[in-house]
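Take a look at the structure below.
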Amino acid sequence: MPRLVSHPDEVKIVTSRFGKGAADIDRFLELGGYESTRKALAEGPEWIINEMKASGLRGRGGAGFPTGLKWSFVPKVSAKPKYVLVNGDESEPGTCKDHLIFLHDPHAVIEGTIIAGLAIGAKTGFIYLRGEYRYLIQIVEKAVADAYAKGFLGKNIFGSDTEFQIIVQTGAGAYEVGEESALMESLEGKRGIPRIKPPFPAVVGLYGGPTVINNAETIASVPHILAMGGPAYAAVGSERNGGTRLFGISGHVNNPGIYELPMGYNLKKMIYEVAGGIRGGRTLKAVVPGGSSTPVLLPHEIETLGMDFDQVGKAGSMLGSGGVVVLDDTVCMVEFALRTISFYQHESCGWCIPCREGTDWLKKSLTRFHAGFGTMKDIDNIQYLAENMMGRTFCPLGDAAAMPTLGFVKKFRKEFEDHLDGKPCPHAKHLDVALV
Amino acid sequence: MADVTFTVDGKKLTAPAGMLLIDACRKAGIEIPAFCYYPGLSLQAACRMCVVRQEKVPKLQTACTTTVAEGQIFVTDSPEITQARKATIELLLGNHPLDCPVCDAGGECELQDMTFKYGAGESLYVEAKQHREEQKWSPAVYFDRPRCILCYRCVRMCGEGMDVWALGIQNRGASATIAPNGGDHLDCEQCGMCIDACPVGALTSDTYRYKTRPWEMNHVSTVCTHCGDGCKVTLGVRQANDGAEIIRADNRDKSGINGDFLCAKGRFGFDFVESVDRLTKPLVRNAAGKLEPATWEAALRLVAAKFKEVRDAGTGIGVIGSNTNTNEENYLLQKFARTVLQTNNIDHVRSTDYAGFALALAGTSGRAASLHDTTTAKAILLIGGNPTEEHPLLAWNLRTNFRHNQARIYIATNSPIKLERQAIKSLLLPIDGYESFAEFLSGSATEIDSIAEAAAFREAVVAEESLLVVFGEEYRGAAIDSLIQWGLGREGVKFAYLGDYANSRGAADMGLFPDLLPGYVPVADAGAFALEYAGMPSSAGKDAVALFDSAAAGQLGALYVVGSDPVSAYGVDPSALKNTFVVAQDIFLTSTAALADVVLPSASLYEKSGTVTNTYGDVQLVKKAADKAGVKPDFEILIRLAGAMGVDVKKLVPFGQIGKTGGGVSADMGQSRGAQSGEVDRHAVWLTANGLEPRLSPFDPLAVLDEIERLVPSYKLDRLNLFGGNDSATEPGFVPVSSLVSARDLILPAHDGLFTSGTLGAHTAALTELNQYQNQAVAEVAAD
Amino acid sequence: MSTETMSIFSPALATRFDALVLKYPVKRSALIPMLLYAQDEVGYVSDAVMAEIAERLSITALDVKNVASYYSMLRFKPAGKYNVQVCTNISCMLRGGYEIFDHLQEKLGIGHKGVTADGVFSLEEVECIGVCCWAPAIQVNYDFHDELTNDKVDQVLADYKAKAATEGAR
Ligand SMILES: Cc1cc2nc3c(=O)[nH]c(=O)nc-3n(C[C@H](O)[C@H](O)[C@H](O)COP(=O)(O)O)c2cc1C
Ligand code: SF4
Ligand code: FES
């Protein structure tokens, strides 16, 4: 069972019920659960969407799209049924926050799903969890069954004449299935290949019906927002970045863990105070701020950096999934780059040429390079390849592979050059990190 | 959709709103490269070659998925775009074997062309390439995985186009690969469409692999010799020591009546041309009763003398024509029979009751469907048959029409067929349900009404505003008539009648009947023919079956069989012909030829020119592709035979110098065209306008086409279209109603499937192998 | 196909599948869960598994294979009774994921995708399993073991070995 951590700077909203046995429905009700759903049912869609807009909540899946706005795109009338989809595929390396939500507060996800359904006029919601999370699926399935038993789900939820059903679905191992349209394909029993956009899911999504898809953390925030009011939630965060976020700090820190901090919280402080500083008192070498696809930041770049979508974007990286990966001075950046790209090579769905061939080529070059058989030209080639993948792929996975690679090569070019001429890598532990 | 105007590379373009940008550009002559885009199949946007820049859009967009709208501004050619495309090609080439020098696709490979254009000349990639052995997926299809660029065209072609779904994509990322449904082999219809769709050399065909380089071939566009659909086919031909051999057949240029379609027979069924069983020398039965080689001179002299003798003695002579010879040949054959042999004893082995069809449609116009109608009709009623097997192009068209236009297909058959997957309604008829089907449609109570879905089926069919009725061999004579009368009573109903061979319809249209002249004009009421066909008897002759009866009774002096095998078709007892002088003219020693006194080796449809008419009445040009030493086209044989009989050949074939100095009476170059006579020679004008010589040789079959056009009411062809490689529709219905008679029912449908094709199929090694392979696969499944 | 007819699955799983195909707006949505649950029972996705699932969903076996081969948790060969999956992705790598992997290779005497001779264990290097903050971590079948050291790994192996001895290897 993953260890829970705590820090005084935390603002516990989404995590407020963590560690309190809230997976049990009665306990959840004692802690004020399902009140927001009743309220939403009473107030109606327009009110929900307005609260959501006022909350300034931006999608926690990675792209940071304003949630209220996304919901408002769904057409009011539709010939085909509408759907709510909860994205619990959580596979971006460095990210494990949804894990805790499903474990400690599954009913928050159920509540959020019902509310999203009420907002857009859907009768069915799907909670899609990655296949590796089998024990969490069992927890969520039990929670859903309990909610049915209480009449919170079904034909007449909370005794109203509104219907809402939830189906829990498992994946079977595929990062790309976290991409919204690939997830819909997977849910339809197909290969996880993303779809051509437009049309966007809000118009043509699952089974061809208008669909809202949100990250599990986004959805779990919803009942809290309705409970405390949109503006109050917004006030917790920074400008245009409402509320809190579950930051997962991993790597070379003394106290790794999931911390709920207000949007805009300073990154340096997060590492040195919240997570207890660098392990063994070593020096910070670099930070990956938002999951493995976000370009690496150097120590001087985080001094005053507030962790919200806009500020991290301005610093040349991305807030992404909130997975902060901390690297100390023992890390070989070439090896780190190689491990990062070999993940994307392994996970590329193979649909489009730039991503399929590009990630494969990058992995092979970096493998050779790291093994000490690189040339100066390789460094340029790696950069050239990554630059030519950017913005050219069918879905953002290609960018997710190219972006960090560019960051590594540009910011650590010297370290790449140090690998030339058969010089052994000063940090190297593993020359061969092939994953087949 | 309304037209919109948008800008591409500074040029204003107009196209219907919602059209794909790539199509709009291509129409305007702006080439946008693409590997995965394939018109008509679902969109992929996977190869990223078609990227363009759209104003105010941050990322490059794919032209294959962008639809045009008013006021958009695009750039399709800029350093940024060129670089994007170049980089994509570099990536593809990184792991590509670069074995162009031995690759079948070398020289006609889209990857090569793109590399040439975007110049990914330098290899940035130094890692070892993955090698994988080529795989034989079936007797027809090979897969060379390293060459595959994963454009998914084959997968879509097989699934969406063919509705076979035998190809899939397995694994993911760089390990992704195209995989066949049988694990290591293909269980499919072996159409080979995947090979044509492949832009590179990943899928290749057994018949063509490692045989030649594309530039060593001549490419000849002609018409497939197998079924009645009449696909245009491009034959790749190379010089060989005994003529010119065909080494490939495809329709990659997507031209002609069939667009991108070709079935297994069209694609692989050409090697009969090279069969060791081909007749290459005339054979004459010697004193010992054995067939032995003779010269053309001797053989023709013998036949001519014998025919003259029999004709002059009046001991009875009969002629049987062909379902695969050209219109010109069949026309000439009946003219030869009627005017030179002076008999109406002419017939062919009928595969379909086209005479009955013409009779039923007599006096109407616009009711006979062209094959094109099958791609556009909003509603289609298919009665009987199984197009997937017997009319593959029709099946393809119906599927496409369903996919693209949501055509409503109604199927009534007495056993389930695959096309039902595209049908909106289907009805399983009782065994004898076809007979009463017209009655059922018109609302009378029949036994069909006892089927549960029958009422709903009829209601839906009857509610259609327009309807294309497709039917085949289940209908003849009175049955055709009742079905057509039902349709004629309604507006917007058109008919297509399905028959078997490449030119079965042409054989009927050209008057290979004892009682009907070309265009189904009755012998008894010969009209214009009476004036020109000097020597033709005025009463009907004997049909094929009656001819053999006469022979058996010792009353047939001679029988001339051209390009057909009536002995096996009618199960004729060999002894019936012992007192008849039999001449067989064929490409193989058929059962008929084996009994003949003289055998004349003829050229196949791939070795001659002329026209053929498909079962829908669409006329197409046949062009000579291959050549075989020793054989002659049937047309030439006929002329030589007539010459040897002392006939003035000019009376048979209008040829010669145009104008005052030349031309015989019948050398019609347009002078005698009714109201137009006296005008400037239309034909000469036409020839001149098209830069052609006047026909100077009696062996030029197109000289006879002039006469056909003049005399056959329905053959008013659009020549420019025809000579441009397109089809020209004809309708049988122009014959005056009053004068028609119904022919005796002697129909013998061929029931050829995907890999059989009568005598031709039996001599086509590729088809024989495929047929065995398929039967074996079926047997294995059955045994499981 | 219903439970009464011939099924290669246990009655419980067959019954579960009967219900699963009816759960979704479209039958085929059950495909991926079915494959995973079938693998849990049979040990891997065999041709027979794919054939029966194809039939239950009225799709072709090729279609099933296309989908199955996409997902990395699905395998086409048997694994050990306990499939030890070691995350070596970035967060785990930083905290010794490769050392754990090396240690396991040595202890079990097998490499990536290897199976021990007694069939008790198989080993696999996997991508991020979503426990980055408690790295390094492994997953044995579906059970997570996190914040590992070599000693802890030895204990984990010993526990499974004991369990296998009482339950018997597959
Ligand atoms: C390659 C790729 C993988 C993704 N993986 C996930 C994921 O595991 N979980 C997730 O919530 N969103 C993931 N996303 C983002 C989703 O596409 C989508 O934007 C998100 O679920 C929307 O929810 P939000 O608006 O609440 O963030 C991924 C996107 C891409 C391109
Ligand atoms: S970028 Fe292309 S290959 Fe990569 S995951 Fe997206 S669609 Fe698939
Ligand atoms: S990196 Fe190991 S669990 Fe995420």
Side-chain angles (χ1 to χ4, degrees), chain A residues 173-177 182 190-199 342-369 373-375 377-378 380-382 384-399 401 436, chain B residues 20 34-36 42-51 53 57-62 64-67 80-81 83-96 111 114 120 122-130 148-152 155 168-178:
Chain A
Y175 165 71
E176 172 61 4
V177 161
K190 303 184 196 143
R191 294 166 60 83
I193 307 292
R195 295 176 178 175
I196 294 168
K197 290 176 223 170
S342 64
F343 169 74
Y344 291 101
Q345 188 269 357
H346 187 249
E347 299 301 330
S348 164
C349 79
W351 188 250
C352 69
I353 296 169
C355 171
R356 178 183 73 231
E357 303 296 332
T359 52
D360 195 46
W361 194 334
L362 281 174
K363 177 184 169 178
K364 283 183 182 152
S365 306
L366 278 165
T367 306
R368 178 171 45 79
F369 196 94
F373 302 102
T375 63
K377 187 147 183 278
D378 283 323
D380 295 332
N381 278 349
I382 289 167
Y384 171 84
L385 267 171
E387 273 166 0
N388 277 293
M389 287 165 69
M390 282 297 298
R392 311 261 175 80
T393 53
F394 185 73
C395 87
L397 190 145
D399 299 334
V436 195
Chain B
L20 293 174
F35 291 126
C36 69
S42 65
L43 304 181
Q44 312 286 287
C47 75
R48 320 306 287 173
M49 280 300 286
C50 67
V51 286
R53 165 110 359 240
V57 177
K59 280 192 187 183
L60 292 178
Q61 299 293 296
T62 44
C64 73
T65 57
T66 305
T67 48
E80 171 198 37
I81 290 164
Q83 174 54 35
R85 293 174 182 165
K86 180 180 168 195
T88 301
I89 291 168
E90 282 169 343
L91 283 166
L92 274 181
L93 294 183
N95 220 348
H96 192 90
L111 181 59
M114 293 297 150
E122 188 194 0
S123 183
L124 307 176
Y125 194 79
V126 297
E127 324 299 330
K129 302 197 180 197
Q130 268 176 350
C148 171
I149 59 169
L150 289 168
C151 65
Y152 320 114
V155 176
I169 310 162
Q170 284 169 12
N171 309 329
R172 71 178 187 218
S175 320
T177 180
I178 304 298

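Chain letters run A, B, ... following the sequence lines, proteins first and then strands; every chain starts at 1. For the numbers below, each heavy atom of this structure counts, side chains included, while hydrogens, waters and symmetry mates do not. Quantities reported herein were computed from a predicted structural model and do not represent experimental measurements.
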R356(A) CZ to L92(B) CG distance, which is reported to the nearest 0.5 Å: 6.5 Å

Ring geometry between W351(A) and Y152(B) (parallel below 30°, tilted from 30 to 60°, perpendicular above 60°): parallel

pair L91(B)-L385(A): side-chain heavy atoms closer than 4.5 Å: yes

From NZ (K59(B)) to OG1 (T393(A)), nearest 0.5 Å: 6.0 Å

Criterion side chain to side chain contact (heavy atoms under 4.5 Å, CB included) on T367(A) and E127(B), from CA distance to verdict: CA-CA 10 Å; T367(A) 306; E127(B) 324 299 330; over 6 Å; no

Any donor-acceptor N/O pair, R172(B) side chain to G350(A) backbone, under 3.5 Å: no

Reported CD-to-OG distance for the pair Q345(A) and S175(B), which is rounded to 0.5 angstrom: 6.5 Å

Region of T65(B) in contact with chain A, defined by heavy-atom distances below 4.5 Å: side chain

Nearest-0.5 Å distance, CD of residue E387(A) to CD of residue Q83(B): 9.5 Å

Under 4.5 Å from any heavy atom of chain B - which part of S365(A): both

Any side-chain heavy-atom pair of E90(B) and N388(A) under 4.5 Å: no

Separation between CG of L150(B) and CD of E357(A), rounded to the nearest 0.5 Å: 7.5 Å

Contact summary for R48(B) and F394(A), nearest pair of heavy atoms: NH1-CD1, 3.2 Å

Heavy-atom closest pair, residues A87(B) and R392(A): CB-NH1, 4.5 Å

Shortest non-hydrogen contact from L124(B) toward N381(A): O-ND2, 3.5 Å

Contacting moiety of I149(B), where chain A heavy atoms sit under 4.5 Å: backbone

Y384(A) versus chain B, the contacting section by heavy-atom distance below 4.5 Å: side chain

Among the listed options I169(B), N171(B), V51(B), the residue most often paired with chain A at heavy-atom distances under 4.5 Å: I169(B)

Residue part contacting chain B, namely of R191(A), when any heavy atom lies under 4.5 Å: side chain

Among the listed options A84(B), P58(B), G94(B), the residue most often paired with chain A at heavy-atom distances under 4.5 Å: A84(B)

